[in-house]
Amino acid sequence: MASTPQPAKKSYFFDKGYKDLGNTIKGAWVRNWESVKNYADNLKDLGDKSAAGKWFFGILNVIAIIAVFVFGSAITAVITVLHIVILLLFMLLVYIGFSCIWLVDRIYLLRNKIFTACHECKEKSLIPTYICPKCGAKHTNLTPGIYGILHRTCNCGEKLPVTFFNGRKELSAECPHCGHALSDRESRPICIPIVGGRSVGKTAFITAFSKEFIENIAPSKSIDIEFYNSRKEDIYREIKQDYDTGSTRMTDRPQDVTQASSVSFSFFAKHPTFTPERLIHVYDIAGEVFTDNNENEVQKQYEYCQGIVLIIDPFAIPSIRYKYEELLEPEDVAGIGKADINEIINSFLNKLREVTGMSDNKMSNVPLAIVISKIDSAGLDQDVGEMAVNKLMRSQPDKFTDYYDTQDYLCRKFLKENDMSSFLSNVTIQFKVNRFFACSAIGHTRDKGKYQPKGVLAPMQWLFGLADNKMGQVWNDISFSKKPTYFDE
Ligand SMILES: [Zn+2]
Ligand SMILES: [Zn+2]
């Protein structure tokens, strides 16, 4: 119920009602005074009367003046008070009315975790700026209030709905912060940034996940997908093309109009149990953000994201690179992430603190999936991949019963054995909810044919399930234990 003036007509009782009251009161008193004056004038006109007549009419008029002055004023006063009381009563009723509906609207938005995460500037807003379909006026606070309980009338005369249940979300909207057109429809966003240094395989991860989720998972779970807008549809066309050719081009997407260092791939997910529908934003955050600190755009999405995927390129770890370099294809050697992983995690943590103004405590509530990428290369599958997990589960079937807990265990062990203990402890101290995964997004050396992804869905399913119960119930291929169980041993 903010007080920003809106381009709309105020409700009668909060605008014209006052004026009408003022005019009526003024009118009554003026009429009262006028009749007093009339009788006073009569007194002056007694000249032509006889002496008895003067006395008689004189007294009559004086009585009339007193009567009008005393009783007329009293009655006018009573009527004035009555008028004020009635107006106040109606105002109160309208006030209570819009407050109740406002509260219902607010509770609906908050309970359903509905908000707008601008796909361009990444700013969060509860209610976007809605646009009048007739005149284009911007309604920055289209909620029940003094402009109307269920509807408001725009200055142009157009009637606009002001609640979630009578069609507000059908209006076009824009971001209150940057003015970009929004396609949000009071949906519930699930926001997952994919982070990591340059060339660690973030883009390949997003390509593989998006294609697999949209084309395999969604249909099998009766989830309907709709792209956020035509721009996101273009991104998906590129994703499909990259998927089919084995390329990874999204990172160096030069045609990115906004020059933003993070691009969101956004789509709606609809399912009978998703009320409201879900809006999934997957952010591809340019690796430069983590290596050079000159990035201007603030990554607002960290403020509200429900989970983060941190991808690490195992071949950027010196001891692993040293061990395996000769087993890698030349293209893969060229594609190794150059930045030091400890540096990356540090600048990532700094970024998080800076953006969110978060205390370490709040930060630690965001679930973090740490994904070791490129495990198809140089036989890493035997260390952390499916092969290794199955082997360990077969050799110690009593202890290792859960596939993803076993993978988590192997990933942590792998990092520890490769001098990454400080990274490990940094991550586990900062993020209470963390889980390690291993994946291969392309499944083979890049540019050598179609993607054959392995392990890209599990981290996302884990984060989606934590972000949203309903989503977790619908996309339930893997059941994750509450916490990876073997690490502390
Ligand atoms: Zn914006
Ligand atoms: Zn209008």
Side-chain angles (χ1 to χ4, degrees), residues 1-25 83-121 123-189 228-229 268 275-279 304:
M1 277 185 280
S3 52
T4 328
Q6 301 290 299
K9 297 188 173 78
K10 279 188 186 166
S11 128
Y12 174 81
F13 297 100
F14 289 87
D15 185 41
K16 216 169 161 295
Y18 284 123
K19 288 174 201 154
D20 283 357
L21 173 71
N23 288 335
T24 325
I25 293 171
H83 197 146
I84 293 176
V85 166
I86 289 171
L87 189 82
L88 282 177
L89 212 70
F90 273 98
M91 260 174 89
L92 191 72
L93 281 179
V94 173
Y95 199 91
I96 292 172
F98 76 64
S99 298
C100 288
I101 305 292
W102 180 89
L103 201 65
V104 168
D105 190 59
R106 206 41 59 117
I107 289 171
Y108 170 82
L109 294 178
L110 295 178
R111 265 200 58 176
N112 287 293
K113 300 184 176 153
I114 295 169
F115 63 90
T116 300
C118 176
H119 62 106
E120 282 296 343
C121 73
E123 284 275 3
K124 174 184 181 176
S125 46
L126 187 60
I127 307 253
T129 298
Y130 282 103
I131 316 274
C132 169
K134 198 171 151 201
C135 72
K138 293 177 184 187
H139 294 257
T140 55
N141 188 27
L142 194 60
T143 51
I146 55 172
Y147 297 94
I149 299 179
L150 297 175
H151 290 94
R152 70 162 63 158
T153 308
C154 179
N155 282 340
C156 73
E158 183 77 357
K159 242 182 161 193
L160 307 177
V162 299
T163 69
F164 73 90
F165 55 77
N166 66 351
R168 176 179 57 197
K169 64 180 181 181
E170 312 301 335
L171 299 173
S172 354
E174 63 176 43
C175 169
H177 303 278
C178 72
H180 266 95
L182 299 172
S183 310
D184 293 42
R185 297 183 294 237
E186 301 195 358
S187 36
R188 172 171 171 179
Y228 185 82
N229 56 22
F268 295 101
T275 44
E277 61 194 19
R278 304 318 197 227
L279 171 54
Y304 50 76

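Throughout, residue positions are numbered sequentially from 1 according to the sequence presented.
No salt bridge links E277 with R188; every basic N to acidic carboxylate O contact stays at or beyond 4.0 Å. A salt bridge links K138 with E174: the distance from a Lys NZ or Arg NE/NH1/NH2 to an Asp or Glu carboxylate oxygen falls below 4.0 Å.
With contacts defined as side-chain heavy-atom distances shorter than 4.5 Å, the pair N112/T275 does not qualify. Annotation: side chain of I84 is in contact with side chain of L88 (closest heavy-atom distance under 4.5 Å). Two residues are said to be in side-chain contact when any heavy atoms from C-beta on lie closer than 4.5 Å; P128 and L182 meet this criterion. Between P133 and S172 there is no side-chain heavy-atom pair separated by less than 4.5 Å. Within the 4.5 Å cutoff, no side-chain heavy atoms of T116 are placed close to those of L126. For the pair C175 and S125, the minimum side-chain heavy-atom distance is 4.5 Å or more. The side-chain heavy atoms of Y228 and H119, taken from C-beta on, include a pair separated by under 4.5 Å. Inter-residue side-chain proximity for I146 and F13 is flagged as unmet; no heavy-atom pair is nearer than 4.5 Å.
Considering CE of M91 and CD1 of I96, their distance stands at 12.0 Å, rounded to 0.5 Å. If you take CD on E158 and NE2 on H151, they are separated by 10.5 Å, rounding to the nearest 0.5 Å. A distance of 12.0 Å separates OG1 of T143 from CG of L103, quoted to the nearest 0.5 Å. In this structure, NE2 in H180 is found 4.0 Å from CD in E120, a value given to the nearest 0.5 Å. The structure places OG1 of T24 at 6.0 Å from CG of L21, a figure rounded to the nearest 0.5 Å. In this structure, SG on C118 lies 8.0 Å from CD on E123, to the nearest 0.5 angstrom.
Closest of all the heavy-atom pairs between V94 and I149 is O-CD1, 4.0 Å. Closest of all the heavy-atom pairs between P276 and E186 is CB-O, 3.5 Å. When all heavy atoms are compared, the tightest approach of I114 to S187 is CG2-O, 3.5 Å.
Atom OH of Y12 is surrounded by more than 12 heavy atoms from other residues, nucleotides or ligands within 6.0 Å. Taking a 6.0 Å sphere around NZ of K9, one finds it holds more than 12 heavy atoms contributed by other residues, nucleotides or ligands.
Here R152 pairs with Q6, H139 under the side-chain hydrogen bond (donor to acceptor under 3.5 Å, both in side chains) rule; sequence neighbours left out. For T163, the side-chain contact (heavy atoms from CB on, under 4.5 Å) partners are I101, D105, P144, L150, F165, N166, not counting sequence neighbours. The ring pair (Phe, Tyr, Trp, His ring centres under 6.0 Å) check on F14 picks up F98, with sequence neighbours excluded.
Of the candidates L109, V162, T140, I127 forms a side chain to side chain contact (heavy atoms under 4.5 Å, CB included) with just one, namely L109.
R168 places a side-chain N or O within donor-acceptor distance of the main-chain N or O of L142, the cut-off being under 3.5 Å.
For the residue pair N141 and Y147, no side-chain donor N or O sits within less than 3.5 Å of a side-chain acceptor on the partner.
A cation-pi arrangement is absent between R278 and F268, since the terminal nitrogen or guanidinium carbon is not both under 6.0 Å from the aromatic centre and inside a 45° cone about the axis.
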